[in-house]
Amino acid sequence: MLDKNYNPKDWEEKIYENWENTGCFAPSMDKSKEAFSIVIPPANVTGVLHMGHALDYTLQDILIRYNRMLGKNVLWQVGTDHAGIATQMVVERNLAKQGISRHDLGREKFVETVWKWREESGGTICRQLRRLGASCDWTRERFTMDEGLSRAVRKIFVNMYKDGLIYKAKKLVNWDAKFMTAVSDLEVVQKETNGKMYYYRYPIEGKDGEFVQIATTRPETMFGDTAVAISKDNAKLAHLIGKNCIIPIINRVIPIVADEHADPTKGTGAVKITPAHDFNDFEVGKRHNLPMINVLNADATLNENTPFAGMTTMAAREATIAKLSELGLMDKIEEHPMVVPYGDRSGVVIEPMLTDQWFVDAPKLAVEAIRAVEDGEVKFLPKNYEKIYFEWMRNIQPWCISRQLWWGHQMPIWYGPDGHIFCEENEEDALSAAAEFYGHQEKLTRETDVLDTWFSSGLWAFSTLGWPDKSEFLDMFYPTSVLVTGFDIIFFWVARMMMMSMYMMKRVPFNTVYLHGLVRDEHGHKMSKSKGNTVNPLDMIDTYGADALRFFMAAMETQGRDINMNEARIAGYRNFATKLWNAARYGEMNGVDFGHDIDVNTVEGKINRWVIAKAEKTISKVGRDLESFRFADAANAVYQFAWGDFCDWYIEMSKPVLYGDDEKAKAETRGVFAYVLRRIMLMGHPFMPFITTQIWQSLQMGGELMLQSWPTSRKSNGDEGKAVDWVIEVVSAIRSLRAEMNLPAGAKLKAYLSGCSKEACGYAKEMGEVVCALAKLEFLEQLAGEAASSMVQVGLTDGVVLLELKGVVDFAAEYERLSKNLAQLDKNLQGYAEKLGNAAFVERAPQKVVEEEKKRQEEALAARAKVEAALARLKNLV
RNA sequence: GGGUGUGUAGCUCAGGUGGUUAGAGCGCUACGUUGACAUCGUAGAGGUCACAAGUUCGAGUCUUGUCAUACCCACCA
């Protein structure tokens, strides 16, 4: 016997363990079946499950479970990402607590420490993923730093290097002074800040008392200036071009050059050029062959090229201003709102810094990545993200992939004593390449830089499947079917996967990419720790169960839009789970045998046929919706059918039968009950895997639910159960009236129906008996057509609700309504006729539009015929 | 500056190709412990679908514009 309430906590863990231990998550590897695969967006090993994960993984699990039930050979490839900066930061922070820095340990020991940390703490997110019910194949769990995946990284790196797609260059890059590494453009966030604009003067060389006034937000970089630029179209200042000026304080002479970068309308029209610390200035410097002077240390303090060596930029700024004032060169300081770049992980100001770094020739890789999407080899959902993808890809810059970190894939690069570069997959190969190159054995030193984390993530779709080795999994599951991820990492990950896959595999990594939105707080604000508005999905699971959280995610997921957190709604879906539980209990208490399916073709009862037809309809809708990623529609269809149709109506209507003594009817109803509940479990399973499994097992429905076949829906004969729909309307009308008239619940109810009358009291009986009486009437079938429901009226006499179909009913009003309807249709038809009779329209409009118009005309004609028929029937009744 | 969304009930949101009376959950009001379920049931109140013009027989839905709001990209000496 089922308990009175379903308590998720009692079951979820056991259910999951059972799935995992019995190998339910593994692909069937049945070659005769269609393959379906998803690679999970690898979570950071440092990660803990947040709402974004809960959404992402729920959607994937729904697709995975659905497709598994369709009988496909399904793989959900799971794994985690080594997350270079994030992980190094966490481990360094732990070490700091013991007063140790990574430099105390040295590189080798430090990396060992990270691995150890990963063994002990890196599995958190995977355990949490299990709590969500994710049915991924844990036996194939991968980590981006695994030997196999590392080999994939080295191989593709070497290939790209030898193809000239990876190169080393001294370029201006975004420098993170906290981690002392370069970062890519994507890892920089721009923040609006209140800065100041400083106006001061550089003396012109050899002209006492002549100056050029410049304006800058960063005076401390002036020691790296190697020119001042002025536009040659600047009438006021052009005369200075070609002269030299003097950087005060250090008294270095620099030229004044003509460059269009100096916009006469901005600042003073003269701009100081610091090529080593500004992206625009860097370009100007290249154009004019200017020297590039670095004035910063790796930690963003000023270096010995300045008079303020060792000072932070802020301190140096103050010192510079003070000195300039002292020299009488300072003119004014204005408030100036400006945008300053910050590191997304470190939170410190990013400095453009001139360093040797490694780059991927992204513009070249983008070509194929763009083409594949243009040609429809990858479909974006929602489609408008394609535009964003194209926009970014077409303006892509070289990708800086080197990081001056210790945790990550060390680049497979070795240097000879003369600095010659050997790029090979391992040291042995590098040594032999060097021996060949030099003609003798040489000692090599390995590049210390590691790769951007996203480099290895970019290979995820094929590296996890076994590439570069020959692999059955690769053959079977690549390209993967769907990628489900947040739109916020479209550039970080989706785009990189596209580029890497098109380069190495010559094929797309996935056929469809479904992009969902962010999970926000209940008012639509972004969740953040600092705002304190985060919601922990594990708390939600503890309180309401994983099924409730999952159902919420599914039911809110519409076309990739952001989802607002709504705890009341999660509670509502917990209630839904309870509802299902109790429906099952009801069946159990009424002698339903869930072990066997009834042959639905033998079912005769109208109500039974009605509920079967509704179930079939729902199943095909849920299937259709999931095929097209309409998660909310699918979830709501299940909810509506299970609660609205099955619990509210079918169970109520079944009571008079199951409590009665017609054994034949009882047997049929029990059979149908089992049949329909079984289908609710099947179609509900992708959304609520735990409770459906628990019910399935408790009621001994046979086998493991998650491995059952998705039900095939039977063809409906069109009007099955329409009579019952009509009955529902009648009963609703009765209830409405009774409430309006303030009749007590026990009030007697008389149903007069074409001479047939029944008395009933109590809510279940009322409905059941009315229904039974109605269902017997032959002509209901006929009346249940389009205009029938409004032919019923409910009246009140002497405290007794009267349901009348004939007699007092105002058929005249109905007749009038339909007449109006007919008139409207005639008007519409006239409109169509006019349009189609318009030669200009027919000739000029596209064929499709004309045909649509014709189709509408036909539809209107058909509708008119129906209304006319209904009017004819009414005429007899009036 | 360029781009992409959003604006529908008190709140959070649905409303694939225009089509009878615009829906859900929560909240609210009234009634109800009936042999699945009070994590429940029944009934009800609540909407000029941001605004304006247009297309159409017909607009929440299509077009244009306005306002509000969110986000993305770029730039800002």
Side-chain angles (χ1 to χ4, degrees), chain A residues 2 4-6 190 197-198 214-218 228-229 261-263 266-274 278 280-281 336-339 382 384-385 387-388 391-392 395 487-488 490-491 517-518 520 522-526 544 548 552 555-556 558-569 571-590 625 628 630 632-633 636 639-640 647-648 651-652 655 658-659 732 735-740 742 744-746 761-766 817 821 824-832 834-835 852 856 859-860 863:
Chain A
L2 297 179
K4 193 169 178 199
N5 277 310
Y6 171 72
Q190 308 288 342
M197 180 74 90
Y198 303 88
I214 54 110
T216 180
T217 54
R218 304 204 54 189
V228 166
H261 167 60
D263 184 339
K266 282 182 183 164
T268 61
V271 50
K272 66 193 263 312
I273 302 298
T274 325
D278 182 284
N280 285 313
D281 293 2
H336 182 74
M338 55 193 244
V339 179
N384 57 306
Y385 284 116
K387 196 173 175 181
I388 292 168
E391 193 59 31
W392 190 74
N395 296 302
F487 72 87
D488 51 326
I490 187 167
F491 306 141
L518 260 42
R520 298 168 172 278
E522 62 268 26
H523 301 297
H525 300 122
K526 212 168 168 171
Y544 304 107
F552 169 77
M556 298 300 283
T558 48
Q559 293 167 46
R561 285 212 268 273
D562 288 351
I563 289 174
N564 283 6
M565 182 58 203
N566 189 338
E567 190 168 339
R569 200 147 174 161
Y573 293 125
R574 182 269 321 269
N575 296 353
F576 177 53
T578 308
K579 193 78 179 172
L580 290 179
W581 185 255
N582 281 296
R585 257 182 102 225
Y586 168 81
E588 193 186 34
M589 291 166 90
N590 283 286
D625 287 340
S628 48
R630 302 180 72 87
D633 287 349
N636 289 330
Y639 184 95
Q640 169 54 35
C647 293
D648 287 350
I651 286 186
E652 292 308 328
K655 282 175 181 173
L658 292 178
Y659 298 158
S732 298
R735 287 176 181 167
S736 220
L737 187 74
R738 187 167 56 192
E740 270 170 43
N742 252 330
C761 63
Y763 151 140
K765 281 190 185 169
E766 156 218 303
R817 195 188 71 87
N821 200 339
Q824 180 63 54
L825 278 168
D826 278 334
K827 206 173 155 197
N828 294 357
L829 280 166
Q830 198 185 334
Y832 298 134
E834 266 172 33
K835 209 161 184 181
E852 269 174 19
R856 284 180 190 172
E859 280 169 5

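Every value quoted in this text rests on a predicted model; they were computed, and no experiment measured them. Each chain gets a letter, A, B and so on, in the order its sequence line appears, and its residues count up from 1.
Residue Arg218(A) is classed as having no contact, given no heavy-atom separation below 4.0 Å to the nucleic acid. Using a 4.0 Å heavy-atom distance criterion, Lys272(A) is classed as making no nucleic acid contact. The residue Met338(A) sits apart from the nucleic acid: no heavy atom pair falls under 4.0 Å. Heavy atoms of Glu522(A) sit under 4.0 angstrom from primed sugar atoms or phosphate atoms, though from no base atom. Here Ala632(A) lies out of heavy-atom contact (under 4.0 Å) with every strand.
Across all strands shown, nothing is found opposite G27(B) as a Watson-Crick or G-U wobble partner with both distances under 3.5 Å. Base-pair partner of A52(B): U64(B) (Watson-Crick or G-U wobble, both distances under 3.5 Å). The partner of A59(B) is absent, by the rule that a Watson-Crick or G-U pair needs both atom distances under 3.5 Å. Using N1 to N3 plus N6-O4 or O6-N4 for Watson-Crick, or N1-O2 and O6-N3 for G-U wobble, each under 3.5 Å, G35(B) pairs with nothing.
Close to A70(B), at under 4.0 Å from its OP1 or OP2, lies no side-chain N or O of Arg520(A). The side chain of Asn575(A) contributes no N or O atom lying less than 4.0 Å from OP1 or OP2 of C37(B). Distances shown here put every side-chain N or O of Arg585(A) at or beyond 4.0 Å from the OP1 or OP2 atom of G35(B). Of the side-chain N and O atoms in Lys387(A), none sit less than 4.0 angstrom from OP1 or OP2 of C72(B). Residue Thr578(A) has no polar side-chain atom (N or O) positioned under 4.0 Å from OP1 or OP2 of C37(B). In this model, the phosphate group of A14(B) is not approached by any side-chain N or O of Gln559(A) to a distance below 4.0 Å at OP1 or OP2.
Residues Asn5(A) and Trp581(A) share a closest heavy-atom pair of C-NE1, 3.5 Å.
Taking atom C1' in both C40(B) and C26(B), the straight-line distance is 16 Å, to the nearest Å. Rounded to a whole angstrom, the distance from the C1' atom of C72(B) to that of C11(B) is 28 Å.
Taking atom OH of Tyr385(A) as the reference point, atom C1' of G5(B) lies 8 Å away to the nearest angstrom.
Residue-to-nucleotide contacts include a donor-acceptor pair under 3.5 Å from the side chain of Lys579(A) to the base of C37(B).
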